[in-house]
Peer 1: 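Quick one: structure below, then a few questions.
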Amino acid sequence: MNAVTRPLAHLGHAVLSGLASLGRVSRFAGATLQHLVRPPFYWREFLHACLQIGWLSLPVVGMTALFTGGALALQIYAGGSRFNAESVVPQIVALGITRELGPVLGALMVAARVASSIAAEIGTMKVTEQIDALTTLSTHPMKYLTVPRVLAATLSMPLLVAVGDALGIFGGYLVGINRLGFSSSTYLTNTTDFLEFWDVGSGLVKGAVFGFIVALMGCYFGMNSGRGAQGVGGATKKAVVSASVLILASNYILTELFFAA
Amino acid sequence: MIRITDLHKSFGANAVLRGVDLHVPKGESMVIIGGSGTGKSVLLKCVLGLVKPDTGSIEVDGQDVTKVKRDAFLARFGMLFQGGALFDSLSVWQNVAFRLLRGPGKLPKAQAREIAIEKLRRVGLRPEVAGQFPAELSGGMQKRVGLARAIAAEPEIIFFDEPTTGLDPIMAGVINELIREIVVEMGATAMTITHDMSSVRAIADKVAMLHGGKIRWTGPVGEMDATSDPYVQQFIHGRAHGPIEAVR
Ligand SMILES: Nc1ncnc2c1ncn2[C@@H]1O[C@H](COP(=O)(O)OP(=O)(O)O)[C@@H](O)[C@H]1O
Ligand SMILES: [Mg+2]
């Protein structure tokens, strides 16, 4: 009997603590939104966060999209040739990149780059009493640290996705004309004629949601960091893992919402 | 005036404060002594609302600190943290002028910078450090920048958590004098934590000793040497043997 109930009890505990932390994260997200709409707003922190999160993520997001687009073109060509459908490469690359891979892979890269650095920075501030110091200097840590980062990530992630879309399609195009024998004009017309606004638009909306998740996880785990270097290390790890899992989970939900028949 | 009544605070099984009673009259300098880890920093953080006490009450000017408007309340305080707690993304002068550059009483940048440099001078730092970043400074210099930040907005109530730890004896003397000046000239109410007995004698009007989660002894600094309390005697003479356990 014990052998049966013990794993169940463990499972129950895991589910309960998972739900409890989901509740805490939701409360944190709610507090962030409340502080967003109430002054003061720290513009300098916001612009700095845009630079750190948006601009400086361009190379990694761009490279990811470029190589993914190229690989995608090869796979679709190989798969398509099994039933004489090699010609759909431009369309499927465009669709795959704009709807799924552009936003998801871009966001995962940003999660690795940004959620970790936010969690480590805020966690270190927590551990070295800088968060307490902010409070005593009448500056709300949520307004000064969380709001600028979350807003910057939410606004700049769609732009990163747009750049990623363009470069991903370009990666497919390069492979298409150099390795797979497409003509430049066919590839481009096939792409542009096929793509609809919502293919790109849905990816941008996903990007905004993923950006929100990335910065929120970084801030949440940073603010709740344990003590010492180990605490900060743990916070960083949890931020990246939970941001990545939440990106993938919410991607599925958004795809259901947008595209399920 | 600060009145702390029957304050309790535990972290898990670790009961740190177990019924602290303390009264600091307006314009007085109270020094808190006690072994490390006895909860002195926690006590100051409770007053500022950075740590939530389990039970007990804290009143400032007769008002319960949990029921006041936070911004206006905190604007009256300055705090030097034990580790300095400087913002490492900001330069030294921006740290010192942090409060002056923000909020309702916001000053123009040039003026805030000037005040910051003046405060840095008072803690014995040259204007050249103003543009440097905290990570470029030694521990003792960081501590003094933290002190300059605590006094920059000329608060009515100032908390100093180990202001002279990590400073050379001469610089410690300068800081002791500065704290005394702030209390006498600005009429500020001060609570200072220190282990340094020369600092206690230089700064204190009154002394309180925290031990075992309670105020073990409190009285005017002049009566400290004459008290028969064995805990106080052991502490001020730095004896290894006595009622205070060396292992704790
Ligand atoms: N945020 C915290 N979480 C858990 N324990 C804490 C926390 N802050 C302080 N403590 C514990 O409270 C005790 C007193 O700490 P502190 O007030 O910093 O001592 P000190 O008298 O040296 O300033 C220590 O045992 C410390 O570990
Ligand atoms: Mg301390």
Side-chain angles (χ1 to χ4, degrees), chain A residues 24 27 31 34-35 38-53 56 114 117-149 152 215 218-219 222-229 231-232, chain B residues 11-12 14 41-42 44-52 69-90 94-106 109 134-135 139 142-143 145-147 149-153 155 157-162:
Chain A
R24 282 192 294 272
R27 201 138 21 92
Q34 273 180 14
H35 283 292
R38 280 198 223 122
F41 183 76
Y42 294 98
W43 280 99
R44 279 179 58 100
E45 306 308 311
F46 171 68
L47 294 175
H48 184 75
C50 286
L51 180 78
Q52 286 293 329
I53 298 169
L56 295 179
V114 171
S117 82
I118 292 179
E121 186 184 4
I122 295 184
T124 305
M125 291 185 74
K126 169 93 191 288
V127 168
T128 57
E129 300 181 310
Q130 292 179 53
I131 306 274
D132 284 345
L134 271 182
T135 307
T136 60
L137 292 164
S138 306
T139 302
H140 204 295
M142 287 295 278
K143 281 194 167 61
Y144 187 77
L145 298 173
T146 305
V147 166
R149 284 166 175 78
C219 293
M223 291 280 188
N224 292 294
S225 165
R227 304 168 85 197
V232 176
Chain B
F11 295 100
N14 180 10
S41 299
V42 169
L44 291 194
K45 287 185 184 175
C46 284
V47 178
L48 289 168
L50 299 172
V51 169
K52 205 172 160 291
K69 284 206 140 181
R70 292 291 291 160
D71 276 354
F73 174 75
L74 287 168
R76 301 173 60 195
F77 282 85
M79 165 96 185
L80 164 65
F81 286 86
Q82 187 167 354
L86 300 178
F87 305 126
D88 38 29
S89 58
L90 300 178
Q94 284 173 326
N95 263 282
V96 175
F98 193 90
R99 191 190 273 286
L100 308 174
L101 291 167
R102 288 167 184 81
K106 188 172 154 180
K109 215 168 168 175
Q142 291 181 8
K143 200 73 180 251
V145 175
L147 186 60
R149 183 174 70 185
I151 63 173
I157 305 166
I158 318 190
F159 292 169
F160 302 104
D161 197 342
E162 303 196 13

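Every chain is numbered from 1 and lettered A, B, ... according to where its sequence line falls, protein lines coming before strand lines.
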Peer 1: By a 4.5 Å heavy-atom criterion (distance strictly below it), what part of A/L134 contacts chain B: side chain, backbone, both, or neither?
Peer 2: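 The answer is both parts of A/L134.
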Peer 1: Going from CG on A/D132 to CG on B/L44, what distance comes out if it is rounded to the nearest 0.5 angstrom?
Peer 2: 11.5 Å
Peer 1: For B/F159, enumerate each residue passing the ring pair (Phe, Tyr, Trp, His ring centres under 6.0 Å) test, keeping only those at least two apart in sequence or located in another chain.
Peer 2: B/F77
Peer 1: Flag the pair A/Q130 / B/F81 as yes when at least one side-chain heavy-atom distance between them is below 4.5 Å, and no otherwise.
Peer 2: no
Peer 1: CG/B/L90 to CZ/A/R44 distance, rounded to the nearest 0.5 angstrom?
Peer 2: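 If I round to the nearest 0.5 Å, the distance is 8.0 Å.
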Peer 1: So do the side chains of A/E129 and B/M79 get within less than 4.5 Å of each other, counting heavy atoms only?
Peer 2: no
Peer 1: Out of B/L74, B/V51, B/L48, return the one with the most heavy atom pairs under 4.5 angstrom to chain A.
Peer 2: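 Top option by heavy-atom pairs under 4.5 Å: B/L74.
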Peer 1: What distance separates B/D71 CG from A/H140 NE2, expressed to the nearest 0.5 Å?
Peer 2: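 These two atoms lie 8.5 Å from each other.
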Peer 1: Sequence neighbours left out, what passes ring pair (Phe, Tyr, Trp, His ring centres under 6.0 Å) with A/F41? Give chain and number order.
Peer 2: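 Checked A/F41 against ring pair (Phe, Tyr, Trp, His ring centres under 6.0 Å); matches are A/W43, A/F46.
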Peer 1: If you compare all heavy atoms of B/A85 against all heavy atoms of A/A133, which two are closest, and at what distance to 0.1 Å?
Peer 2: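 Nearest pair, atom of B/A85 first, then A/A133: O-CB, 3.8 Å.
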Peer 1: Using non-hydrogen atoms only, which part of A/T136 is less than 4.5 Å away from chain B: side chain, backbone, both, or neither?
Peer 2: both
Peer 1: Given a strict heavy-atom distance threshold of 4.5 Å, which part of A/T124 is in contact with chain B: side chain, backbone, both, or neither?
Peer 2: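 Contact with chain B is absent: no heavy atom of A/T124 under 4.5 Å.
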Peer 1: Please classify the contact of B/F98 with chain A as side chain, backbone, both or neither, using a heavy-atom distance under 4.5 Å.
Peer 2: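 Just its side chain gets close to chain A.
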Peer 1: Can you measure from CZ (B/R102) to CG (A/L137) and round to the nearest 0.5 angstrom?
Peer 2: 9.0 Å
Peer 1: So how far is it from B/L86 CG to A/T128 OG1, rounded to the nearest 0.5 Å?
Peer 2: 9.0 Å
